[in-house]
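Every heavy atom of this structure was used, including side-chain atoms; hydrogens, water molecules and symmetry mates were not. First listed ligand is number 1; within each ligand, the first listed atom is number 1. Here the structure is a predicted model, which is why all the values come from computation and not from measurement.
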Amino acid sequence: MKIICIGRNYVAHARELNNEVPQEPVIFMKPDTALLRNNDPFYIPDWSHNLHHEVEVIVRINRIGKNIEKRFAHRYYTEIGLGVDFTARDVQDQLREKGLPWEKAKAFDCSAVLCPEFVPVASFADLQNVNFRLDINGQTVQSGNTAQMIFPIDELIAQISRYFTLKIGDLIYTGTPAGVGPVKIGDRLEGYLEDKKMFDFLVK
Ligand code: ZN
């Protein structure tokens, strides 16, 4: 399986990092070794001093597809979840300055937090109107609604599958809303899709 991530898919987040609002989706990937599952603790790597949380809605692909038309994209998934795209912002800034790829900042071990269970798409009245949030130590630090996506889920699937064949089990991290910031040892991160708790883990 592969993990496909979307950058700058929410206007307010693109602006908070002084990035342009993109004309087409910003796409990058993480390897399967990036997964952190089952509410296991996240250990801050010793080579970063500015490790940021990015809470993101996740789509799990359940059908193989290439060059998927937007109007058929909904046939390629039945569940969504929630996770964290951990980002070593200090390393990312250094790499971006030099025009280098982001992998060391974005795709390192345990950088892709995955919720233990997914939620059926059918349980939402409108997939592009779903509230989600991240609480740290009981305080909400990021909250968003899928209506704020620049590129909605079906558009993302159409764009991604022009370049990459989607396979069963692939995960799409659909981008983060505003409010990203550093985590520190001892923090407790809890993520919610609407009122349903999706993950709950500690930073060590
Ligand atoms: Zn992200």
- Message: Restricting to N, O or S, what is the name of the atom of Asp85 that lies nearest the Zn ion (ligand 1)?
- Response: OD2
- So, Phe86 versus Phe42, ring centres under 6.0 angstrom or not? yes
- Query: Does the distance from a Lys or Arg side-chain N to an Asp or Glu carboxylate O, for Lys70 and Asp154, drop under 4.0 Å?
  - Reply: no
- Same hydrophobic cluster for Val180 and Phe199, using side-chain heavy-atom links shorter than 4.5 Å among ILVMFWY? no
- Message: For Tyr192 and Phe132: C-alpha separation, side-chain torsions, deciding distance, then whether ring-ring contact (aromatic ring centres under 6.0 Å, His included) applies.
- Response: CA-CA 5 Å; Tyr192 292 83; Phe132 62 100; over 10 Å; no
- Item | Minimum-distance atom from the Zn ion (ligand 1) among N, O or S atoms of Glu56 | OE2
- Message: Checking one value in my table: which N/O/S atom of Glu54 lies closest to the Zn ion (ligand 1)?
- Response: OE1
